[in-house]
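Take a look at the structure set out below.
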Amino acid sequence: MDIFADFAARVAAALKTLYPEASAELIARAVVEPPRDPGHGDLSSNAAMVVAKPLGKNPRDVAVALAEHFKSDPDVTSVEVAGPGFLNFRLDEPVWHRILKSVDTLGAEYGRSDLGRSEKVNVEYVSANPTGPMHVGHTRGAVFGDALASLLAYVGYDVTREYYINDAGGQVDVLAQSAFLRYREALGAVIDIPKGLYPGDYLKPVGAALAAEFGESLLSRHEAEWLPLVKERVLAAMMDLVRADLANLGVKHDVFFSERTLHGQGGDIDLTLQWLRDEGLIYQGTLERPKGISHDDEWEDREQTLFRAKDFGDDTDRALVKSDGSYTYFAADIAYHRNKYLRGFKHMINVLGADHSGYVKRLQAAVKAVSGGEADMDVKIMQLVRLLKNGEPFKMSKRSGDLVLLSDVVEEVGRDATRFMLLYRRNEQAMDFDFALVKEHTRDNPVFYVQYAHARTCSVFRTAESELPALNLNAEHLAAAPLELLVSPADIELIKVVAQWPRTVTAAALAHEPHRIAFYLYELAAAFHAFWAKGKDDRTLRFVNPEDLKLTLARLALVGAVRQVLVNGLTVLGVSAPQELS
RNA sequence: GGCCCCGUAGCUCAAUGGAUAGAGCAGCAGCCUUCUAAGCUGUUGGUUGCAGGUUCGAUUCCUGCCGGGGUCGCCA
């Protein structure tokens, strides 16, 4: 039950009754929100201000008419017209008790909705090159994509989590050559790794495995012969590393899509380019020299095969074929996204790193072109994460020796802290990831603050069981708790925070912004900790009160609801909810 | 030079176009014979980078500047 959506519907109905001439679009602009200032009541609507001008009315008059209309609503204790035409509602206490009751009834379902109407949405994230273990640079996008996918599933979308394996380009040839060196090393050769090849130790086991499988038989063969054999094996080994890293971080995928399957005669790229030709979207031409290339000698005017990306909102048309005749990465990507569209996805989301922000427009152009404008593509750009250690930022690169691995981070600070901290920022905000802070167990560190709140809810139940053995705390008895006893301002205040969960979920899902969930959980945790502390000064505000078993039961129902919402939120984020902190 | 992101309290950051812009940290003043002080309460702190525009109303949308970061024909 979302009280805000509920009242938005009531306001819309009232507008329709009072002003039959108002269009549906106009009415849809009216919203119901929690006012920032609690002095303005429980709910606030801008309906009168939004509707007044198009209807040629005075906003205050409209507001007064609406207020009059709501006077007969039994859930409303007062409606006020304030400021330029705000409508401020105060709700009757039973409304809050009803909400609390619904949390208990719905449990894990409280907050879920049918917003997505089971529509298919494809969320692509990570898609790191399979050339080694994942490094920290991939972590943010991995966690973000995973949480966003969970969030969308939570609100009723049919979500497919996808990883695009870039296993077709020149990089994987280099990878295979690097593995071949390790193969020779495993057979006793003294090797020297030339610049440009991958130097990482993680290829040693691949070399050993190749030696075990092939003996010395590859040594005498030409590269053209061994390359495909080595490539296939090293790719499989690298994807095993990637999968292990993802599993370690709790990041899941439904589909691992290989770029290589798009290539080849009669493959998806051929088919897609032919389709684009038939549509008149491909031509032979030359591009202007980009301003970034300053020296004439770096630029060669060349006629090439171009996609009319500009017709679909891109800044320029884009090359599809390299000078050696092979396809560009973008050509494969167009085919890949046509493939997604043909698999039935009309909603696509790509999670990319900041270094790919220049790629967004052409990707959206491609999706628009291959879907005939039927599919939409939202690209979520992850801004940089600066890794700090002792206040010193340090660089990481897969080719350099001293790379910081994703697995290092998880091992150092733990999965939960890694995930929560990365989700506690808007994706478009560059962030610092400070090892020291993430390991702190203070309010500075939101993940511990939120998990501690959950542990405390569990602690309350443990205390109740040990101190009040006579009190029956099974689910049935709790569900029948006399919630009407929860009338103190502290009780109502906490319930109001709980009541915002469904609205938070909806807003986060619509905006594709999982960080809103993390911030909400922090707020809920703060509200709970605050209530807890009140029991110190005022014993009647304790959750467990031996002098009043009925009130205790009602309070425990409230604590149970808080715990449930914390669990629901943490589950969406993929963060655990420990029963106690050790 | 083009494109993208950012600019909000001393610091790190919030705020689907709403009212007097909010949290945490740091600072200051308090609370432990306690349902776990890993916590709580109070308080100081602002020309939301600048200038225009749209709007009943702008931190939010549009335009132009300033500053920081990222990126820039066939790498993936």
Side-chain angles (χ1 to χ4, degrees), chain A residues 29 31 33 35-37 39-40 44 46 49-50 52-53 59 82-86 88 127-129 131 166 168-172 259 286-294 298-302 304-305 315-316 318-324 326-333 353-361 381 383-384 424-432 434 437 440-446 448-449 451-453 455-456 459-464 467 503 506-508 510-511 513 515-516 519 522-523 526 529-537 539 542-545 555 559 580-581:
Chain A
R29 287 183 54 204
V31 298
E33 304 174 308
R36 219 181 330 227
D37 183 347
H40 291 144
S44 167
N46 63 354
M49 293 175 291
V50 166
K53 196 170 188 186
F86 285 102
N88 294 333
S127 299
N129 293 344
T131 54
N166 303 137
Q171 304 257 3
V172 289
E259 180 190 348
T286 56
L287 291 176
E288 278 183 39
R289 183 185 67 183
K291 292 283 198 306
I293 295 178
S294 48
E298 283 180 12
W299 175 260
E300 178 200 356
D301 250 354
R302 193 173 74 80
Q304 46 192 341
T305 305
D315 300 320
T316 178
R318 301 290 176 178
L320 298 173
V321 182
K322 300 185 210 171
S323 52
D324 69 359
S326 64
Y327 290 123
T328 62
Y329 178 81
F330 183 51
D333 223 11
D355 52 339
H356 288 74
S357 53
Y359 199 70
V360 175
K361 284 187 183 177
I381 295 292
Q383 290 300 326
L384 297 186
Y424 201 63
R425 286 278 180 283
R426 276 167 54 229
N427 62 288
E428 286 170 338
Q429 182 79 39
M431 68 181 289
D432 292 341
D434 195 311
L437 174 68
E440 259 178 47
H441 293 197
T442 67
R443 188 166 183 168
D444 247 351
N445 183 348
F448 282 98
Y449 188 71
Q451 287 186 320
Y452 182 42
R456 260 187 167 169
S459 155
V460 170
F461 277 94
R462 285 194 297 268
T463 303
E467 287 190 10
R503 175 180 184 273
T506 302
L510 285 173
E513 290 181 346
H515 77 274
R516 293 175 187 233
F519 276 95
Y522 186 85
E523 192 186 328
H529 286 310
F531 196 145
W532 171 286
K534 285 190 179 113
K536 206 170 26 179
D537 299 329
R539 298 186 70 87
R542 291 198 167 195
F543 297 119
V544 178
N545 183 350
R555 284 266 162 76
V559 173
E580 52 190 324
L581 301 181

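Worth saying up front: this structure is predicted, and the values here are computed from it rather than measured.
Nucleotide U16(B): unpaired (no Watson-Crick or G-U wobble partner with both distances less than 3.5 Å). Summarising the base pairing, U43(B) is matched to G27(B) through a Watson-Crick or G-U wobble pair whose two defining distances lie under 3.5 Å. Across all strands shown, A9(B) remains unpaired; no Watson-Crick or G-U wobble contact has both distances below 3.5 Å.
Applying the 4.0 Å criterion to OP1 and OP2 of A37(B), one finds that Trp532(A) has a side-chain N or O inside that range. Regarding contacts with the backbone of A14(B), a side-chain N or O of Gln429(A) is found under 4.0 angstrom from either OP1 or OP2. Put simply, Lys53(A) has no side-chain N or O that comes within less than 4.0 Å of OP1 or OP2 on G57(B). An OP1 or OP2 oxygen of A14(B) is reached within less than 4.0 angstrom by a side-chain nitrogen or oxygen of Arg426(A). A close approach under 4.0 Å does not occur between any side-chain nitrogen or oxygen of Tyr329(A) and OP1 or OP2 of G73(B). At least one side-chain nitrogen or oxygen of Ser459(A) sits closer than 4.0 Å to the OP1 or OP2 atom of U36(B).
Heavy atoms of Val31(A) sit under 4.0 angstrom from at least one base atom. Ala430(A) comes within 4.0 angstrom of sugar-phosphate atoms only, judged by non-hydrogen atoms across all strands, and of no base. Counting any heavy atom pair closer than 4.0 Å across all strands shown, Asp355(A) reaches sugar-phosphate atoms only and no base atom. As judged by a 4.0 angstrom heavy-atom cut-off over every strand, Arg456(A) is placed among residues touching the sugar-phosphate backbone only. When heavy atoms are screened at a 4.0 angstrom cut-off, His515(A) is found touching the sugar-phosphate backbone but no base atom. Base contact: His40(A) has a heavy atom under 4.0 Å from a base atom. Base contact: Ser44(A) has a heavy atom under 4.0 Å from a base atom.
With sequence neighbours excluded, no residue satisfies ring pair (Phe, Tyr, Trp, His ring centres under 6.0 Å) with Phe86(A).
The side-chain ring of Phe86(A) is stacked on the base of A19(B), judged by centre separation under 5.5 angstrom and plane angle under 30 degrees.
In this structure, the side chain of Arg555(A) engages the main chain of Arg542(A) through a donor-acceptor pair within 3.5 Å.
To the nearest 0.5 Å, atom CD of residue Gln304(A) and atom OG1 of residue Thr328(A) are 9.5 Å apart. The CZ atom of Arg503(A) sits 5.5 Å away from the CD atom of Glu33(A) when rounded to the nearest 0.5 Å.
Taking every side-chain heavy atom of Pro35(A) into account, A19(B) is the closest of G18(B), A19(B), C40(B). Considering only side-chain atoms of Thr463(A), the nucleotide from A21(B), C40(B), C35(B) that sits closest is C35(B). Closest approach to the Leu384(A) side chain among G69(B), C56(B), A15(B) is made by G69(B) (side chain taken as heavy atoms from C-beta onward). Nearest nucleotide to the side chain of Glu33(A), out of C75(B), G24(B), U16(B): U16(B). For Phe519(A), whose side chain is taken as the heavy atoms from C-beta onward, the closest listed nucleotide among C75(B), C13(B), C56(B) is C13(B). Comparing C35(B), C74(B), U20(B) against the side chain of Arg302(A) picks out C74(B) as the nearest. Closest to the side chain of Ser357(A), from the set C3(B), A76(B), C4(B), is C4(B). Proximity note for Glu428(A) (side chain, C-beta onward) versus C5(B), G39(B), A76(B): the nearest is C5(B). Of the candidate nucleotides G73(B), A14(B), C40(B), G73(B) has the atom nearest to the side chain of Gln304(A). Between C35(B), A38(B), A14(B), one nucleotide has an atom nearer to the side chain of Arg425(A) than all others, and that is A14(B).
Residues Thr463(A) and Phe543(A) have side chains not in contact (no heavy-atom distance under 4.5 Å, counting atoms from C-beta outward). When side chains are defined from C-beta on, Gln383(A) does not count as touching Arg425(A), because their heavy atoms never get closer than 4.5 Å.
Atom C1' of nucleotide U60(B) and atom CZ of Arg516(A) are separated by 11 Å, given to the nearest angstrom.
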